[in-house]
A.B. asks: 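Mind having a look at this structure? Questions to follow.
It should be emphasised that the depicted structure is a prediction, and the values quoted were computed from it without experimental measurement.
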Amino acid sequence: PYETVVEEFSLVAPSGNRIYGMIRRPDPARYPDLCFAAVVSVPGGIQPGRLEALGGEARMLAEAGMVVVTFNAEGRVDTSPQDIASEGTEDTNGFRQQDTLCALVEYVMDLPYVIADNVGLRTQSFGIAMGAGCAGRYPEIPIKYIVDGEGPPNSFVTCQEPYSLDDDPGNDKHETVFGILDHYSTSRDDSPENLAFWAEREAIRFIGDFRGRYLRLQAEWDHSQPPSSLPEAPAFELPPLWWQNKHTTDIVNAAVVGGVPWVRVNLPEQANAVNAMYDENRRPVFLPGRLADAPWAVRAVIEMARMD
């Protein structure tokens with residue numbers, strides 16, 4: 001493995017706000033004049049991401065010969081004693097933060113030690129709203145791939161409305177999400193203001209305009225959608241309204257229909273076909289257990305970076 005270093009950086013976003021990030025990469029003192037593929041990490045929810053460069057996934061990717069870029073989007077601050085805050089206010093993965101991500105990708109492509117045509121995005125959960133919005137709204141930026149870890153494609157899934165489909169109100173989670181996003185799904189609130197909010201933040205609207213490769217990672221038991229544990233599974237098996245990890249098939253189908261040139265669910269050993277479409281009678285093979293059970297995302301990013 002490569003020996004790695006962590007460096008700090010900042011840049012001014014199109015909004016005029018300065019954002020702060022970190023880069024983990026093979027040590028330039030030991031590997032001078034070499035260029036590497038790069039991946040920009042977009043965290044889940046509306047979390048800060050800068051310190052992810054210090055974590056295990058970033059370390060494994062850099063040791064494999066990649067440049068890993070992490071950042072705090074506008075208005076986000078490290079949850080650490082360092083308290084590094086990016087300027088501005090939270091945009092909840094909307095257009096302003098998508099524009100910032102595009103500027104960050106272009107910044108990374110211009111780094112002298114990065115292979116400019118081998119820069120991808122690795123998104124987790126609601127981070128796909130920022131990632132797909134960036135890649136779909138700016139298809140001229142040559143983002144090579146998106147590795148999407150269980151991202152919700154629309155407001156219904158983002159607000160965890162599938163939990164409200166059974167007959168037990170005790171399972172409902174939409175109020176918890178409202179406490180974070182200050183918005184309900186469009187199925188619960190169809191006011192013009194709420195529709196306008198979600199028009200910027202539903203990944204399924206933008207993924208079809210992406211012109212790179214889209215790899216969806218989805219485990220059997222999703223991190224935030226039913227069924228999230230085996231006892232809950234029978235209550236939420238409700239075709240055609242909902243079935244296990246339906247939100248994966250929704251966004252994958254949208255990518256294929258939109259003309260994304262390469263779309264697949266999970267890793268080669270799951271043997272899901274490229275550009276396949278799915279429904280309740282034909283579902284992809286999911287990763288066993290939970291996404292956090294193994295470093296599948298690391299393997300996925302390395303595979304996509306190495307792909308011709």
Side-chain angles (χ1 to χ4, degrees), residues 42 44-46 91-95 97-99 101-102 120-139 143 145-165 174 177 181 183-190 194-219 222-226 238-266 272 274-280 282-284 286 291:
V42 183
I46 53 173
D91 189 43
T92 328
N93 296 341
F95 284 174
Q97 290 179 341
Q98 295 166 23
D99 294 347
L101 179 57
C102 289
L121 301 179
R122 185 276 197 256
T123 69
Q124 177 61 28
S125 192
F126 188 40
I128 189 57
M130 192 191 304
C134 164
R137 292 175 55 234
Y138 295 92
I143 297 170
Y145 60 85
I146 298 174
V147 173
D148 164 20
E150 297 184 339
N154 54 35
S155 72
F156 188 82
V157 181
T158 303
C159 295
Q160 300 195 10
E161 290 286 4
Y163 280 103
S164 67
L165 295 176
H174 55 273
V177 179
L181 302 182
H183 284 270
Y184 291 113
S185 69
T186 57
S187 64
R188 196 172 290 272
D189 176 5
D190 62 356
N194 198 48
L195 294 176
F197 175 86
W198 286 110
E200 297 187 15
R201 296 166 176 85
E202 292 189 314
I204 200 168
R205 298 172 183 256
F206 307 109
I207 193 64
D209 294 323
F210 176 45
R211 287 298 170 259
R213 295 186 173 114
Y214 174 57
L215 178 63
R216 169 73 176 206
L217 295 180
Q218 181 63 61
D222 188 277
H223 73 293
S224 66
Q225 296 301 318
L238 303 167
L241 192 61
W242 183 263
W243 59 86
Q244 187 185 40
N245 297 330
K246 178 181 183 292
H247 58 307
T248 281
T249 68
D250 287 344
I251 195 168
V252 166
N253 290 350
V256 174
V257 170
V260 178
W262 189 100
V263 182
R264 197 185 74 206
V265 181
N266 290 332
N272 295 312
V274 173
N275 293 354
M277 294 183 66
Y278 303 97
D279 58 31
E280 64 266 33
R282 184 190 181 207
R283 309 180 196 182
F286 300 123
L291 195 56

A.B. asks: Taking the side chain as every heavy atom from C-beta outward, state whether T186 and F156 have any atom pair closer than 4.5 Å.
C.D. replies: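 Not in contact.
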A.B. asks: Could I get the full list of side chain to side chain contact (heavy atoms under 4.5 Å, CB included) partners for V274, not counting sequence neighbours?
C.D. replies: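 Residues passing side chain to side chain contact (heavy atoms under 4.5 Å, CB included) with V274: W262, R264.
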A.B. asks: Output all residues satisfying ring pair (Phe, Tyr, Trp, His ring centres under 6.0 Å) with F286, sequence neighbours left out; order by chain, then residue number.
C.D. replies: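 Result, ring pair (Phe, Tyr, Trp, His ring centres under 6.0 Å) vs F286: none returned.
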A.B. asks: With sequence neighbours left out, what residues match D99 under side chain to side chain contact (heavy atoms under 4.5 Å, CB included)?
C.D. replies: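 By the side chain to side chain contact (heavy atoms under 4.5 Å, CB included) rule, D99 matches P14, R137, Y138.
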A.B. asks: V157 versus Q225: any side-chain heavy-atom pair under 4.5 Å?
C.D. replies: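 Heavy-atom side-chain distance check passes, below 4.5 Å.
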A.B. asks: Given S164 and H174, is the side-chain hydrogen bond (donor to acceptor under 3.5 Å, both in side chains) satisfied, shown in steps?
C.D. replies: CA-CA 8 Å; S164 67; H174 55 273; 5.2 Å; no
A.B. asks: When rounded to the nearest 0.5 angstrom, what is the spacing between CG in N266 and CG in L217?
C.D. replies: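 Answer for the CG-CG pair, N266 versus L217, is 6.0 Å.
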A.B. asks: Going by the rule salt bridge (charged side-chain N to carboxylate O under 4.0 Å, His left out), which residues pair with E202 if we only count those two or more places apart in sequence or in a different chain?
C.D. replies: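 Only R205 meet the salt bridge (charged side-chain N to carboxylate O under 4.0 Å, His left out) criterion with E202.
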A.B. asks: Taking the side chain as every heavy atom from C-beta outward, state whether I128 and I146 have any pair of such atoms under 4.5 Å apart.
C.D. replies: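 In contact.
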A.B. asks: Side-chain contact test, heavy atoms from C-beta onward, threshold under 4.5 Å: evaluate it for Q218 versus P284 and give yes or no.
C.D. replies: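 A side-chain contact under 4.5 Å is absent here.
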A.B. asks: List for me each residue that meets salt bridge (charged side-chain N to carboxylate O under 4.0 Å, His left out) alongside E161, sequence neighbours excluded, and say none if there are none.
C.D. replies: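 If we apply the salt bridge (charged side-chain N to carboxylate O under 4.0 Å, His left out) test to E161, skipping adjacent residues, the hits are R188.
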A.B. asks: May I ask you to test the I143-C134 pair for a side-chain heavy-atom distance under 4.5 Å?
C.D. replies: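 Yes, side chains in contact.
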A.B. asks: In chain order, what residues pass the side chain to side chain donor-acceptor pair (under 3.5 Å) check against Y184, with sequence neighbours excluded?
C.D. replies: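 Listed in chain order: E175.
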A.B. asks: Sequence neighbours excluded, which residues qualify as side chain to side chain donor-acceptor pair (under 3.5 Å) partners of D189?
C.D. replies: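 Partners of D189 under the side chain to side chain donor-acceptor pair (under 3.5 Å) test: S191.
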A.B. asks: Mind checking what makes side chain to side chain contact (heavy atoms under 4.5 Å, CB included) contact with A255, not counting sequence neighbours?
C.D. replies: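 Result, side chain to side chain contact (heavy atoms under 4.5 Å, CB included) vs A255: I207, Y214, V260, V263.
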A.B. asks: Is the W242 ring parallel, tilted or perpendicular to the H247 ring (thresholds 30°, 60°)?
C.D. replies: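 Because their plane-to-plane angle is under 30°, the rings of W242 and H247 count as parallel.
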A.B. asks: Can you run down the salt bridge (Lys or Arg N to Asp or Glu O under 4.0 Å) pairs that involve residues 240-250, sequence neighbours left out, and say none if there aren't any?
C.D. replies: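 The answer is K246-D250.
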A.B. asks: What pairs with T158 under side chain to side chain donor-acceptor pair (under 3.5 Å), at least two apart in sequence or on another chain?
C.D. replies: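 By the side chain to side chain donor-acceptor pair (under 3.5 Å) rule, T158 matches no residue at all.
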A.B. asks: Residues in side chain to side chain contact (heavy atoms under 4.5 Å, CB included) with T92, at least two apart?
C.D. replies: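 I46, E90, F126, L181, F197, R201.
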A.B. asks: List the residues meeting side chain to side chain donor-acceptor pair (under 3.5 Å) with Q124, not counting sequence neighbours, and say none if there are none.
C.D. replies: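 Once residues adjacent in sequence are excluded, the partners of Q124 under the side chain to side chain donor-acceptor pair (under 3.5 Å) criterion are R122.
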